[in-house]
*Asks:* 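Have a look at the structure that comes next, please.
One-based numbering, in listed order, for ligands and for the atoms of each.
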Amino acid sequence: MDKLVINGGIPLDGEIRVSGAKNAALPILCAGLLTAEPLRIGNVPHLKDVTTTLSLLGQMGVDVSVDDRLGVELRAAKVDHLEAPYEMVKTMRASILVLGPMVARFGQARVSLPGGCAIGMRPVNLHIKGLQAMGAEIDIEHGYVVAKANRLKGARIFMDLVTVTGTENLMMAAALADGTTVLENAAREPEVVDLANCLIAMGARIEGAGTDVITVHGVEKLHGADYRVMPDRIEAGTYLVAAVATGGRIKLRDMRPGILDAVLEKLREAGATIEAGEDWISLEMAGPLKSVSVRTAPYPAFPTDMQAQFMAMNVVADGAATMTETIFENRFMHVQELRRMGADIEVEGNTAVVRGVKELQGATVMATDLRASASLIIAGLIAQGRRWWTAFTTWTGATSASRRSCPSSAPASGGPTDERHHHRPVQGPHFRGNQAPPGSGGHRPPGGPGVLPQADHRHQSAGSTADHRSRHRRAHLCPARRRRHGHRRQGRAL
Ligand code: EPU
């Protein structure tokens with residue numbers, strides 16, 4: 001188990017680069033299965049789910065190489081193991097994204113059903129129904145989805161719920177199907193559009209990505225391509241919320257502001273001053289922090305992946321907010337932990353009522369899913385003086401706050417879910433011997449070829465003038481926040 005110790009109570013102040021989007025990179029990596037030619041993918045984020053996906057693809061027989069500029073090259077010319085085993089799928093649900101490409105290109109697949117998850121049941125029935133509509137024969141055998149097809153056929157598929165990975169799986173399958181597939185009520189998330197653009201670069205014929213009707217005219221074959229993954233809007237939003245919650249300021253580079261509209265709107269409502277250019281966003285929090293109510297829904301509405309972070313911000317805001325979660329039935333796991341730090345939150349069904357308190361106290365807390373973990377980090381950044389700990393395996397980075405990552409007795413690569421000792425070694429010119437993967441700072445991955453190390457130190461502070469700016473800002477703060485700043489100074493002097 002990894003732990004973080006955070007000395008909170010310091011306004012964040014700095015500049016940071018936004019990584020490639022996790023939820024775009026994962027399906028794009030799986031799209032590598034759709035062609036025998038090399039697919040070169042740039043701006044791949046360095047995190048555990050990417051490592052797991054590369055391991056999974058390596059086990060299947062895909063040649064994987066990684067260079068030192070966050071680039072991955074996949075060559076699926078000799079895929080001979082058409083299976084995603086339970087041991088891998090249970091660690092990362094997105095493994096289901098190999099199902100569509102495998103059935104479409106190889107006519108068969110055996111993929112473990114993901115099972116339940118910390119944030120909800122998350123079935124994959126719509127992925128399965130869609131493939132059946134395209135002519136695949138699918139049985140559930142011993143917890144595995146076993147799929148067979150001669151060649152998938154184009155179909156009209158209506159999904160009664162908006163599903164992101166469901167849309168992605170079916171879009172990849174349809175790319176190689178015989179005839180035209182129409183996906184109705186498709187997800188409009190920017191990550192779906194990014195995958196569509198990558199598939200188009202590989203020769204796919206796709207129209208309507210970004211709308212709720214996607215039309216895919218199947219082609220016989222896809223070819224290799226070079227593609228760069230879009231920026232991570234959720235990582236960006238998380239940094240912005242952290243800056244707002246601590247009364248700080250931040251500049252994000254390598255970002256596309258247009259994909260974060262719902263979040264930026266809410267942050268303005270909270271009192272932030274935001275400016276944006278083509279590929280940057282800057283935010284400053286000079287006045288009082290106001291509560292903001294949110295209701296999660298599919299894109300372009302407010303994202304479920306930002307709900308937990310906004311809750312951490314609301315716990316110290318002026319007033320009360322309601323936060324309604326409509327996507328996942330169990331995505332309030334952070335509430336109990338935030339309460340232990342002094343938050344005033346009541347949950348009724350899928351709505352949490354958050355009443356702002358003057359301050360949070362440091363405490364030992366337990367992190368669950370990725371976004372809940374991010375919310376606890378934000379809470380730690382807000383909390384006064386005392387150290388607190390959290391279990392968290394994906395480093396989100398921070399700017400000027402004090403932080404320390406503590407290795408524990410578990411393997412550095414991610415504890416019980418780490419599969420690196422079992423997978424077939426991944427081949428490729430850049431990822432063998434002593435060469436380093438992206439973001440490793442020149443160090444070889446501890447798990448051998450094909451495995452990215454877990455510690456991610458790319459997000460470094462861009463230098464801190466926090467104390468100076470915090471003094472400057474204090475003059476403009478509301479009484480509650482002035483008190484917090486006062487406590488903070490006292491805490492440090494002690
Ligand atoms: N659903 C079904 N049947 C299906 C598929 C989905 O009932 O066959 C339900 C789910 O249970 C859920 C809703 O539909 O209630 C939406 O789920 P969706 O399929 O859209 O979620 P997902 O594709 O599994 C992706 C992201 C999540 C993000 C959601 C919603 C990836 C790899 N994951 O999950 O990201 O929360 O969309 O936007 O793209 C995260 O990054 O922390 C994360 C959880």
Side-chain angles (χ1 to χ4, degrees), residues 19-31 45 47-50 52-53 56 89 91-100 111 113-133 138 140 145 157-173 183 185-196 212 229-230 232-238 259 262-263 295-309 324-334 350 367-375 392-394 396:
S19 316
K22 168 178 85 75
N23 289 346
L26 299 178
I28 286 172
L29 288 170
C30 295
L47 35 83
K48 183 162 177 272
D49 282 358
V50 166
T52 305
T53 306
L56 175 60
V89 178
T91 70
M92 190 192 64
R93 304 182 60 81
S95 311
I96 192 74
L97 285 164
V98 297
L99 178 63
V111 177
L113 277 169
C117 160
I119 60 176
M121 300 221 295
R122 305 182 74 181
V124 290
N125 57 310
L126 298 173
H127 304 229
I128 292 172
K129 261 176 84 178
L131 289 172
Q132 283 170 328
I138 298 189
I140 306 298
V145 181
I157 299 168
F158 174 78
M159 290 164 284
D160 60 2
L161 274 173
V162 177
T163 160
V164 175
T165 48
T167 302
E168 292 165 344
N169 230 339
L170 298 178
M171 193 164 68
M172 288 192 277
L183 301 175
N185 201 25
R188 291 180 283 167
E189 268 65 5
E191 294 76 13
V192 173
V193 179
D194 212 38
L195 171 65
D212 59 2
V229 174
M230 64 178 279
D232 196 311
R233 65 193 165 104
I234 305 301
E235 180 184 287
T238 303
I259 53 178
V263 168
R295 180 185 177 83
T296 66
Y299 191 86
F302 188 87
T304 173
D305 291 343
M306 287 301 303
Q307 176 257 110
Q309 299 89 315
T324 305
E325 172 59 55
T326 74
I327 306 289
F328 294 114
E329 66 274 20
N330 195 28
R331 216 173 194 182
F332 282 145
M333 301 278 281
H334 41 287
N350 68 341
T368 50
D369 69 282
L370 172 61
R371 310 306 174 185
S373 310
S375 87
F392 188 54
T393 51
T394 306
T396 62

*Asks:* Apply the test side chain to side chain contact (heavy atoms under 4.5 Å, CB included) to residues H127 and T163: give CA-CA distance (whole Å), side-chain angles for both, the deciding distance (0.1 Å), then the verdict.
*Replies:* CA-CA 9 Å; H127 304 229; T163 160; 4.0 Å; yes
*Asks:* Of the non-hydrogen atoms in I157 and A133, which two are nearest, and what is the gap between them?
*Replies:*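 Where I157 meets A133 most closely, the heavy atoms are CG1-CB, 4.0 Å.
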*Asks:* Would you mind checking which non-hydrogen protein atom is closest to atom 23 (O) of ligand 1, with the distance to 0.1 Å?
*Replies:*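 I find the closest protein heavy atom is T165 OG1, 2.6 Å.
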*Asks:* Please report which non-hydrogen protein atom sits nearest to atom 24 (O) of ligand 1, along with the residue it belongs to and the distance in Å to one decimal place.
*Replies:*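 Nearest neighbour among protein heavy atoms for atom 24 (O) of ligand 1, to 0.1 Å: R122 NH2, 2.9 Å.
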*Asks:* Which ligand 1 atoms does K22 reach within 4.0 Å, using its non-hydrogen atoms?
*Replies:*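 Counting from 1, the qualifying ligand atoms are 40 (C), 41 (O).
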*Asks:* Which of these, Q307, R295, R331, sits in a side chain to side chain donor-acceptor pair (under 3.5 Å) with E325?
*Replies:*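 Among Q307, R295, R331, the one meeting side chain to side chain donor-acceptor pair (under 3.5 Å) with E325 is Q307.
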*Asks:* May I ask whether E235 has any heavy atom positioned less than 4.0 angstrom from an atom of ligand 1?
*Replies:* no
*Asks:* Which heavy atom of the protein is the closest neighbour of atom 44 (C) of ligand 1, given with residue, atom name and distance?
*Replies:*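 Checking every protein heavy atom, the shortest distance to atom 44 (C) of ligand 1 gives R331 NH2, 3.5 Å.
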*Asks:* How close do T167 and L183 get, counting heavy atoms only, and between which atoms?
*Replies:* O-CD1, 3.9 Å
*Asks:* Ligand 1 versus M92, non-hydrogen atoms closer than 4.0 Å: side chain, backbone, both, neither?
*Replies:*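 Answer for M92: neither.
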*Asks:* Looking only at distances, can you tell me whether any N or O atom of E168, backbone or side chain, sits closer than 3.5 Å to an N or O atom of ligand 1?
*Replies:* no
*Asks:* With backbone taken as N, CA, C and O and side chain as the heavy atoms from C-beta onward, which portion of F328 lies under 4.0 Å from ligand 1: side chain, backbone, both, or neither?
*Replies:* side chain
*Asks:* For atom 1 (N) of ligand 1, which of P114, G120, P123, A372 has the closest heavy atom?
*Replies:*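 Of the listed residues, P123 has the closest heavy atom.
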*Asks:* Does some non-hydrogen atom of R93 fall short of 4.0 Å from ligand 1?
*Replies:* no
*Asks:* Quick one: look up the protein heavy atom nearest atom 8 (O) of ligand 1 and list residue, atom name and how far away it is.
*Replies:* L126 N, 2.8 Å
*Asks:* Taking only heavy atoms of R371, which atoms of ligand 1 are found under 4.0 Å from at least one of them?
*Replies:*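 The list of qualifying atoms is 40 (C), 41 (O), 42 (O).
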*Asks:* Taking only heavy atoms of H127 into account, list the atoms of ligand 1 that are under 4.0 Å away from them.
*Replies:*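 Result: 8 (O).
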*Asks:* If you take the nearest heavy atom of each of I327, L370, N23, which one is closest to atom 12 (C) of ligand 1?
*Replies:* I327
*Asks:* Is the side chain of E329 donor-acceptor paired with the backbone N or O of M121 at a distance under 3.5 Å, no angle test?
*Replies:*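 Indeed, once roles are kept as given, a pair shorter than 3.5 Å links the two residues.
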*Asks:* Check each atom of ligand 1 against the heavy atoms of V164 and keep those under 4.0 Å away; list them by number with element.
*Replies:*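 In order of number, 18 (P), 19 (O), 20 (O), 23 (O), 25 (C), 37 (O), 38 (O).
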*Asks:* Is there a donor-acceptor pair under 3.5 Å between the side chain of N185 and the backbone N or O of M159?
*Replies:*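 Side chain of N185 to backbone of M159: a pair is present.
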*Asks:* Hey, is ligand 1 close enough to T163 that some N/O pair sits below 3.5 Å?
*Replies:*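 By distance alone, the answer is yes.
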*Asks:* For the residue pair E191 and P27, establish whether any side-chain heavy-atom pair is separated by less than 4.5 Å.
*Replies:*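 No, too far: nothing below the 4.5 Å cut-off.
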*Asks:* Checking contacts here: is it the side chain or the backbone of L161 that comes within 4.0 Å of ligand 1, counting heavy atoms only? Could be both or neither.
*Replies:* side chain
*Asks:* Would you find a donor on one side and an acceptor on the other, under 3.5 Å apart, between the side chain of N169 and the backbone of I96?
*Replies:*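 It does hold such a pair.
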*Asks:* Among side-chain atoms of S375 and Q309, is any donor-acceptor pair under 3.5 angstrom?
*Replies:*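 No, no side-chain donor-acceptor contact under 3.5 Å.
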*Asks:* Hey, is the main chain of P45 close enough, under 3.5 Å, to the side chain of S19 for a donor-acceptor pair?
*Replies:*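 Not at all, since once roles are kept as given, no pair shorter than 3.5 Å links the two residues.
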*Asks:* Does ligand 1 have an atom that lies less than 4.0 angstrom from a heavy atom of V162?
*Replies:*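 Yes, V162 has heavy atoms under 4.0 Å from ligand 1.
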*Asks:* For ligand 1, is there an N or O atom under 3.5 Å from any N or O atom of M121?
*Replies:* no
*Asks:* Check for a donor-acceptor pair, side chain of R93 on one end and backbone N or O of R122 on the other, with a separation under 3.5 Å.
*Replies:* yes
*Asks:* Heavy atoms only: which of D305, T326, L97 lies closest to atom 43 (C) of ligand 1?
*Replies:* D305
*Asks:* Just to be sure I read this right, does ligand 1 sit under 4.0 Å from the backbone of T304, its side chain, both, or neither, counting only heavy atoms?
*Replies:*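 The side chain, only.
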*Asks:* Under 3.5 Å, side chain of D49 to main-chain N/O of M92, donor-acceptor pair present?
*Replies:*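 Judged by distance alone, no pair lies under 3.5 Å.
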*Asks:* If you have a sec, work out which protein heavy atom is nearest atom 3 (N) of ligand 1 and how many Å separate them, to one decimal?
*Replies:*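 Ranked first by proximity to atom 3 (N) of ligand 1 is N125 OD1, 2.7 Å.
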*Asks:* Using modelled atom types only, decide if a donor and an acceptor are shared between the side chain of D232 and the backbone of K22 within a distance under 3.5 Å.
*Replies:* yes
